[in-house]
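Encoded as structure tokens, the structure appears first; notes follow it.
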Amino acid sequence: MKNRLTVIVVLVSFITGFFVYRYYLQEEKPFPKIEDRLPDAEILGKINITEFSDELKPLLFKNKIKYRDFIASDFILSQTKNLGINLQKPAYFYITEQDDFGALISVNDSSKVPKAIMRIKSFFDVQDTIVNGSIIYKISDYNTYICFERNWLFIYKGNQFIKNYFQVKYADHTSMKQCWKNFLNDERFKNENLSLYIRPKKLLKERLDYFAASISVDSNNVHLKTVIADSQYFPVQLKKGGLNFVSDLSTAKHFVNLHVNIDSLKTVKKHFIYSFIKPYTNKVNFPLEDFIQGWNGDLSINVNGKKRVAESFIETEFDDDFNPVEVTKTRFVERDMFSFVMTTTPNYRVFLDRLFAKGFLRKNNNDYFFLMFPSVKLITKPDVFYIYTGRVPKTDSIDVQSEGRILFDNTNFEFKIDSTSQKEMYLNLTIPFNYIQRKSKYTL
């Protein structure tokens, strides 16, 4: 009897000690935040949905966008609150190398989320399945999955749902990926309503560290405030000013002013800058590498005004015997006036020869022609190269911003290089909303 009592006392003491240790002495692990659950990906994004919807309001109303009332923050909040979804907290999304898409949204009351699923079922064919004891909803027609738990809702579109789902479901408070830490801890984007952080694997091999952008809008335009970072040293450094045309840029059809130091870029044969630009220069067979080697960092382009020029063409007519005869005629057409100047290195002669070889410049008798412009004049000096139509353009070495406005597809796009640091370039880009509206696959 005494031995049995001793065993019981020891057993009770052990159990009591275990619970005391478990609940009072052992530090309890924090519950993972929604940010801890985010998978790694090439493109990361954060959006404050209600704040961004308020920012969109002037643009949507001015452009008379359909269903704009359903994008209003008040409407969004009232609808999602009844469904247990919290859009007053940021939502996070990502896109993988395989173009799979995922999004994580905060949940206030998971007991209400099934109402949202029922609404979705009224529009789509939704199938239910069980994975590790949790219900997964799949919209097969769109290869899209939806699932939720206590404080999160996960939406995924792609072919690797299980892998992504397990990363989300079984994360702990130490699971946040380094790429998300870098992005979410960046003070430059903490107060932005929509921001992106991009790290394509192909370009990481070419010294890209990251590309990041915040997106804002006004009643007419979409503005991208961007940062491009080199993992070693950014080989294009901004200068305060340089050789530049003295002209009224407000009326220019196109203009570009660049004043940069590119000495480091000349020594690099493989770099993400080339990868960014080459798809566009290759389309027109432009000799990019020769241009970089021949350029000394200052470039000014101005397309402004029109000139009426005579243009010869051949037309087939019939003589008195009704035989076809080719006749050379002249017609007058309007062409843009063009001015181009760049500071040069001794290697620019190679670039100039390539322009002739590839047809960008051609000579007819004593006249030179550049693309579709009227006859141009050339001035070559030891360190400066001009191409221009009309009178000699005025230039000066003045302190101007590196910026430009380019007319493409009947739309003006504007860019400005704000600054550069040892590893980064800060660049702003303005895209007119009517261009996005015209190019959208959907009826806006």
Side-chain angles (χ1 to χ4, degrees), residues 40-46 94-97 176-190 192 194-215 223-242 256-282 286-299 342-343 345 347 351 400-404 406 413-431:
D40 197 351
E42 283 199 340
I43 301 176
L44 316 179
K46 182 187 76 169
Y94 64 92
I95 301 174
T96 69
E97 188 179 6
M176 186 185 292
K177 302 294 186 291
Q178 187 61 47
C179 58
W180 282 102
K181 286 182 181 178
N182 295 341
F183 174 37
L184 299 178
N185 290 333
D186 194 322
E187 295 292 336
R188 295 168 296 190
F189 300 101
K190 280 193 173 181
E192 301 292 344
L194 176 57
S195 52
L196 302 170
Y197 188 80
I198 305 171
R199 301 186 78 233
K201 289 183 179 179
K202 292 180 181 178
L203 296 184
L204 295 181
K205 299 176 183 178
E206 298 176 6
R207 287 179 37 178
L208 179 70
D209 188 2
Y210 65 88
F211 171 84
S214 64
I215 301 172
H223 302 280
L224 274 69
K225 184 171 67 176
T226 66
V227 182
I228 308 171
D230 192 309
S231 60
Q232 300 178 30
Y233 174 78
F234 205 90
V236 177
Q237 291 292 304
L238 195 63
K239 297 193 300 184
K240 287 187 176 181
V256 174
N257 292 322
L258 289 177
H259 304 291
V260 291
N261 185 324
I262 59 168
D263 291 344
S264 296
L265 184 62
K266 294 178 188 292
T267 64
V268 180
K269 297 302 179 184
K270 190 175 182 180
H271 193 273
F272 65 83
I273 288 180
Y274 291 112
S275 298
F276 278 141
I277 301 174
K278 274 186 176 181
Y280 303 99
T281 58
N282 287 347
F286 181 78
L288 177 62
E289 288 82 359
D290 296 314
F291 169 73
I292 295 296
Q293 295 302 321
W295 183 32
N296 202 31
D298 295 309
L299 172 69
M342 61 183 279
T343 52
T345 70
N347 292 325
F351 169 62
V400 296
Q401 289 187 312
S402 288
E403 60 181 345
I406 299 173
F413 296 83
E414 298 181 2
F415 74 89
K416 182 191 298 182
I417 302 176
D418 278 343
S419 62
T420 53
S421 64
Q422 184 177 5
K423 291 188 176 183
E424 297 170 327
M425 173 177 282
Y426 297 83
L427 178 73
N428 287 342
L429 176 65
T430 298
I431 304 171

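Heavy atoms only: backbone and side chains are in, while hydrogens, waters and symmetry mates are out.
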Just wondering, are more than 12 heavy atoms of other shown residues or ligands nearer than 6.0 Å to [atom1] in [X]?
X      : atom1 : value
Lys205 : NZ    : no
Lys225 : NZ    : no
Lys270 : NZ    : no

Are any side-chain N or O atoms of [X] and backbone N or O atoms of [Y], one a donor and one an acceptor, separated by less than 3.5 Å?
X      : Y      : value
Gln293 : Lys266 : yes
Glu414 : Ile406 : no
Thr420 : Met425 : no
Arg199 : Asp209 : yes

My understanding is that only one of Asn347, Thr345, Val260 makes a side-chain contact (heavy atoms from CB on, under 4.5 Å) with Trp295; could you say which? Val260
side-chain contact (heavy atoms from CB on, under 4.5 Å) partner of Asn428, chosen from Thr226, Leu224, Ile417, Asp418: Asp418
To the nearest 0.5 Å, what is the distance between [atom1] ([X]) and [atom2] ([Y])?
X      : Y      : atom1 : atom2 : value
Met176 : Asn182 : CE    : CG    : 10.5 Å
Ile215 : Leu196 : CD1   : CG    : 4.5 Å
Ser402 : Lys239 : OG    : NZ    : 9.0 Å
Gln237 : Ser419 : CD    : OG    : 9.5 Å
Asp230 : Tyr210 : CG    : OH    : 11.0 Å
Glu42  : Asp40  : CD    : CG    : 9.5 Å

So, do Asn257 and Gln401 sit near enough that their side-chain heavy atoms are less than 4.5 Å apart? no
Would you indicate whether the side-chain heavy atoms of Thr281 and Phe291 approach each other to under 4.5 Å?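 SC-SC contact between Phe291 and Thr281 ruled out.
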Fit a plane to each ring of Phe351 and Phe286, take the angle between them on a 0 to 90° scale, and name the class: parallel (under 30°), tilted (30 to 60°) or perpendicular (over 60°). perpendicular
Should the ring pair Tyr197 and Phe183 be called parallel, tilted or perpendicular, given that the plane angle runs from 0 to 90° and is split at 30 and 60?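 Correct class here is parallel.
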For [X] and [Y], which heavy atoms make the closest approach, and how far apart are they?
X      : Y      : answer
Phe415 : Leu258 : CE1-CD2, 4.1 Å
Lys46  : Phe189 : NZ-O, 3.6 Å
Asp298 : Gly242 : OD1-CA, 3.6 Å
Phe211 : Leu208 : N-CD1, 4.4 Å
Leu288 : Ile277 : CD2-CG2, 4.0 Å
Tyr426 : Ser421 : CE1-OG, 4.4 Å

Take Val268 and Arg207, measure what side chain to side chain contact (heavy atoms under 4.5 Å, CB included) needs, and give me the verdict at the end. CA-CA 11 Å; Val268 180; Arg207 287 179 37 178; 3.7 Å; yes
Just by distance, no angles: are the side chains of His223 and Thr430 close enough, under 3.5 Å, to form a donor-acceptor pair? yes
Intermediate values then yes/no, side chain to side chain contact (heavy atoms under 4.5 Å, CB included), Ile292 and Tyr274: CA-CA 10 Å; Ile292 295 296; Tyr274 291 112; 3.8 Å; yes
Let's go through Phe234 and Glu424 carefully: what are the C-alpha distance in whole Å and the side-chain angles of both, what is the deciding distance for side chain to side chain contact (heavy atoms under 4.5 Å, CB included) to 0.1 Å, and is it a yes or a no? CA-CA 6 Å; Phe234 205 90; Glu424 297 170 327; 5.7 Å; no
Are the charged groups of Lys202 and Glu97 less than 4.0 angstrom apart, N to O? no
